[in-house]
Every structure is written in C-alpha cells, then in structure tokens.
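Heads up: the structure comes next, in structure tokens.
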Amino acid sequence: MQSVIVAWCSTNEKDFESFIPLQFVGRRNKRLGYSNNINVLFLDGFLRLSKEYRESLKSLGFILHDVSEMFSEVKNKYLKINDFSIDINGFKKSFSEYERNTLLKWIVVGKFFAGENLVHFDGDIVFNEDPAVIAKKVEGKTFILQGCPAFTAISDYKWFEQYEEQLDLYINDIDGYAQKALKERGGWEVTFKTRWAGARFGKIMWHDQDLLSHLIHTGRLIQDSVESVLFDFQDYLMFENSLFFHSYDDGFPYKYSRENGIDYFEYVRKDAQDIHYKKRILFWHMQSCFNFYLSKFIFRKKYLKFIPMGRLEFNGSARGFEDYINKRVNRFTRHVDRINVYKYFFQEHDFSGVFKDNVWWKKGVFL
C-alpha cells in the first residue's frame, strides 16, 4: 500500500513550509517513532525548493517526486477549465490554481501509481498514529473519509477510471454538468452519513471535494461501506473537519487528553449501563477553517491575555468582528500561518485550552 501526499510550491520553501509544514510533521513523526515512508508528488515548483530543504525531507524518510511534466500533460488535456468564469455579485469568479490543481491531481496520481493500492493524505494532516499503521489498516479498502479527500484509500483502479470519466464530462460542460448535479442533490442529508458523501451547497463544483461528494452521493464512484471502515478503525475517532466532531460521532461530551504526544478523547456511552471509552484521534486535519479558528485562540492567549477567554465563536465565512481583527493583526504577527499554529498546539502546548465546554464554539461537545 503506497502512501501519497500531493503538493506544489509557487514561491520558495519558506512559504511552502509555512503553508504545508512537511518538515515539521516529519520531525514530529520521528519523535513519536512513526514512519515517514510517504511519496510526495510535486505537481509544480519542485525546483523552487532549495536543495537543502529537499534533502532534509528525504533524510526524514519522505520520497520526493517531481511530476511536473506529467502534470503539464494533464493541464493541456483540460485547458477548458481556464476559460470558465461566472458572475458572482458583480465579480468574475474563475478557477484558482488551488481549485484547478485539486481537480486535476487525481489524474496524475492514477497515472503515476498505475494500479497500485494507495492511501492519500492531504499535506495539512498532522498524524496521531503512524502513517504506516494507517496504510496497513486500509489495505483492500476504497473510500473517502466523510466526503473529504484529505484521507482517501484506493484499492480498486476502477475508482480512477470513474473519476476521469466524470471529470471529462464536467470540464467539457461545467455549467451544464453543474445544473444536472444540483437536480440530483436531493437526499444528500441521508448519504451524508450512510455513504460519507459529505455536503456541498454551491452551484459550481470548484474543487475536488465538491465533485467527489457529488459522485459518491449519486453512486458514480466506488465507496466502501461506512460500517466496514468504522469497524477497522473501531479503536480510533476520525474527523475530516475537526470543527464538527459532533456531526459523525454521538459520543460527546468528550474529555481531551494528550499522553506522550498522542491525543485522546474519552467519553461515556449511556446505554443499559455506562460504558467508558478512550479512543485515539487518528489524525488532525488542519484545514484552513480549523487552522484559522485555532489561530484566534492563539491571538487571545498571546495578545489579549488580560481578558477572560470566554467562548471562542466560529464564523463559517470568517467575517465576524473578531475574525477581521485576527486577519489584520496577522499581517504583523503571522500567528495564522499554519506552521505557527502547529508549533503552538503540537510543540509548545496541546489542545486542552480550547477543547473546553466554556471555550469551544459549540456548547455540549466537551466537558
């Protein structure tokens, strides 16, 4: 089972590490005794990383691949994606580099591994279990966790064929395909849990998560049963979005703890009798919304330390007053940078300050 992360570098390794802290994660994995035997496919910008930085990643165990030529071929096939734009409230919206790359990267992954079984991790995952252990557990499985491809296992090459077929249809008629997809969206509240199809609400599927969610919901993409995956990971808790623990698991309220660098949730299930559970978090997906939420905690602790913490509100659009202040101050402090959030919560502190009932944004999730 091959493990893979897909990445690209638009500027230099300092910016790259700040946004995708591979070196930090690799060093942390080493301290915890984990393996870093992960293929890192660079779609673009491999040579923008200094030789020293590349060698440091290799010394940690990462296997680096420059797949820019293959990616260029894929981009040439899907040139139509560059011509698409729509008007949103008077502004023209086109596919960003990030959105385009997420949609196209699966074609590269499928071609590069050519039928090998693999497990894909997003570059913003911080492991709480050895990646090698995770890869062994998903051997033979094909699924996307909770509609988010940050954690994806593919053991059936037909998955790539299905995806490429649908991507071709989508890029050739983005507006028409999207209109049809909206009509097929009925019942997503059911498949959200029964198939882990996830949720999407926009008309256009701007990135891979939206398209993959649609394909799982409509049965156009292989997705092993949720039950079989949960059975294999019964000793863990898995969340694709750490802001919404409660959406997929009803074990809360949780009690958080970190022991020897490993994070756990404890809870009591009240059935015929109280049963106590203590489960390891499989990994932390430090996606932008969760990272930004945590950065607001850092801002309060470092720069508003004389004001009582209180509840740390979550604003999905990040347009609240505190969100605005957090963004403005970040220009000088850089506390929102993912590398600095990593250092605060995985090196200098843990999550005990934020995983509290009187702090966490949703009441009742934590003790």
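Everything numeric in this text was worked out from a predicted model, so none of it was measured. Only heavy atoms go into these numbers, but all of them, side chains included; no hydrogens, no water, no symmetry mates.
A pairwise comparison of heavy atoms in Arg195 and Val226 identifies C-CG2, 3.9 Å as the closest pair. Between Lys305 and Lys301 the shortest heavy-atom distance is CB-O, 3.4 Å. Residues Phe366 and Asp357 come closest through the heavy atom pair O-CB, 3.0 Å. The heavy-atom pair separating Ile204 from Asp210 by the smallest distance is O-OD2, 3.9 Å. Closest approach of Leu32 to Gly261, counting heavy atoms only: CD2-CA, 4.0 Å. Taking all atoms of both residues into account, the shortest heavy-atom contact from Glu313 to Trp361 is C-CB, 4.2 Å.
Atom OH of residue Tyr267 and atom CZ of residue Phe245 lie 13.5 Å apart, to the nearest 0.5 angstrom.
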- Task: I would like to know whether Asp350 and Phe355 meet side chain to side chain contact (heavy atoms under 4.5 Å, CB included); could you show each step before the answer?
- Result: CA-CA 10 Å; Asp350 58 21; Phe355 291 164; over 6 Å; no

- Query: Can you check side-chain hydrogen bond (donor to acceptor under 3.5 Å, both in side chains) on Lys105 and His120, steps first, answer last?
  - Reply: CA-CA 11 Å; Lys105 75 177 187 181; His120 165 272; 3.1 Å; yes

- Given Thr191 and Thr194, is the side-chain hydrogen bond (donor to acceptor under 3.5 Å, both in side chains) satisfied, shown in steps? CA-CA 5 Å; Thr191 59; Thr194 60; 5.5 Å; no

- Before giving the answer on side chain to side chain contact (heavy atoms under 4.5 Å, CB included), spell out for Lys296 and Val336 the whole-Å C-alpha distance, their side-chain angles and the decisive distance to 0.1 Å. CA-CA 8 Å; Lys296 294 199 297 182; Val336 179; over 6 Å; no

- Begin with the C-alpha distance, continue with both residues' side-chain angles, and end with the deciding distance and a verdict on ring-ring contact (aromatic ring centres under 6.0 Å, His included) for Phe290 and Tyr293. CA-CA 5 Å; Phe290 183 48; Tyr293 180 78; 7.1 Å; no

- Message: Is there a ring-ring contact (aromatic ring centres under 6.0 Å, His included) between Trp360 and Phe297? Walk through the geometry before answering.
- Response: CA-CA 10 Å; Trp360 189 246; Phe297 179 84; over 10 Å; no

- Worked verdict on Cys289 versus Leu243 for side chain to side chain contact (heavy atoms under 4.5 Å, CB included): CA-CA 8 Å; Cys289 55; Leu243 286 165; 3.9 Å; yes

- Query: What's the verdict on ring-ring contact (aromatic ring centres under 6.0 Å, His included) for Tyr264 and Tyr254, showing C-alpha distance, side-chain angles and the deciding distance?
  - Reply: CA-CA 9 Å; Tyr264 298 88; Tyr254 304 116; over 10 Å; no

- Message: If you apply the rule ring-ring contact (aromatic ring centres under 6.0 Å, His included), what do you find for Phe127 with Phe283, and how did you get there?
- Response: CA-CA 4 Å; Phe127 295 95; Phe283 56 72; 7.2 Å; no

- Task: Could you please spell out the steps behind the side chain to side chain contact (heavy atoms under 4.5 Å, CB included) verdict for Phe299 and Asn330?
- Result: CA-CA 9 Å; Phe299 175 66; Asn330 180 61; over 6 Å; no

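Aromatic rings from Phe143 and Phe151 are positioned such that their centres are separated by under 6.0 Å. Taking the six-membered ring for Trp and the full ring otherwise, His65 and Phe42 have centroids separated by 6.0 Å or more. Aromatic pair Phe265/Phe252: centroids not less than 6.0 angstrom apart. Separation of the Phe351 and Phe346 ring centroids falls under the 6.0 Å cut-off. The aromatic ring centroids of Phe192 and Tyr248 lie less than 6.0 Å from each other.
We find that Lys343 and Glu348 are not joined by a salt bridge, their nearest charged nitrogen and carboxylate oxygen being 4.0 Å or further apart. Under 4.0 Å is where a charged nitrogen must lie from a carboxylate oxygen, and between Lys141 and Asp232 at least one such pair does. Taking a cutoff of 4.0 Å between a charged side-chain nitrogen and a carboxylate oxygen, Glu55 and Lys58 qualify as a salt bridge. The pair Asp235-Lys279 does not meet the salt-bridge criterion, since no charged nitrogen lies less than 4.0 angstrom from a carboxylate oxygen. Under a 4.0 Å N-O distance rule, the pair Lys77/Asp168 qualifies as a salt bridge. Between Arg258 and Asp263 there is a salt bridge, since a side-chain N of the basic residue sits under 4.0 Å from a carboxylate O of the acidic one. For the pair Lys158 and Glu165, the salt-bridge criterion is not met [side-chain N within less than 4.0 Å of a carboxylate O].
Defined by atom type and a distance below 3.5 Å, a donor-acceptor pair is missing between the side-chain atoms of Ser35 and Asn29. Inspection of the Gln209 and His207 side chains reveals no N or O donor paired with an N or O acceptor under 3.5 Å. No hydrogens or angles considered: nothing links the side chains of Asn12 and Tyr53 as a donor-acceptor pair under 3.5 Å. A donor-acceptor pair shorter than 3.5 Å cannot be found between the side chains of Ser56 and Ser59. Checking Glu266 against His276 by side-chain atom types alone, a donor-acceptor pair falls below 3.5 Å. Donor-acceptor pairing under 3.5 Å is recorded for the side chains of Ser10 and Glu97. In this structure, a donor-acceptor pair under 3.5 Å is absent between the side chains of Asn291 and Tyr342. When only modelled atom types and interatomic distance are considered, His285 and Asn241 share no side-chain donor-acceptor pair under 3.5 Å. Side-chain contact of Gln2 with Glu116: a donor-acceptor pair under 3.5 Å is present, judged by distance alone. Asp337 and Ser18 share a side-chain donor-acceptor pair at under 3.5 Å. A donor-acceptor pair shorter than 3.5 Å cannot be found between the side chains of His335 and Ser295. No donor-acceptor contact under 3.5 angstrom links the side chains of Trp284 and Asn128, judged on distance only.
Contact annotation: the side chain of Leu182 approaches that of Lys203 to within less than 4.5 Å [non-hydrogen atoms, C-beta and beyond]. For the pair Arg300 and Glu322, the minimum side-chain heavy-atom distance is below 4.5 Å. Using a 4.5 Å heavy-atom cutoff, the side chains of Phe314 and Phe292 are not in contact. Taking the side chain as every heavy atom from C-beta outward, Lys278 and Glu259 approach each other to under 4.5 Å.
Of the listed residues (Tyr177, Tyr170, Tyr163), just one forms a ring-ring contact (aromatic ring centres under 6.0 Å, His included) with His214, and that residue is Tyr177.
Linking Ile, Leu, Val, Met, Phe, Trp and Tyr residues whenever their side-chain heavy atoms come within less than 4.5 Å places Val67 and Leu167 in a single cluster. Placement of Phe239 and Val133 within a single hydrophobic cluster is found when ILVMFWY residues are connected by side-chain heavy-atom separations under 4.5 Å, directly or transitively.
The side-chain tip of Arg54 points at the ring of Phe46 from less than 6.0 angstrom away and within 45° of straight on. Within the cation-pi definition used here (under 6.0 Å to the ring centroid, within 45° of the axis), Arg100 does not qualify as a partner of Phe95. For the pair Lys111 and Trp106, the NZ or CZ position fails the cation-pi test of under 6.0 Å to the six-membered ring centre and within 45 degrees of the ring normal.
Judged purely by atom type and a 3.5 angstrom limit, Gln234 uses its side chain to pair as donor or acceptor with the backbone of Phe231.
The environment of Tyr324 atom OH is sparse: at most 12 non-hydrogen atoms of other residues, nucleotides or ligands sit within 6.0 angstrom. Within 6.0 Å of atom NZ in Lys75, more than 12 heavy atoms from other residues, nucleotides or ligands are found, so the atom counts as buried in its surroundings.
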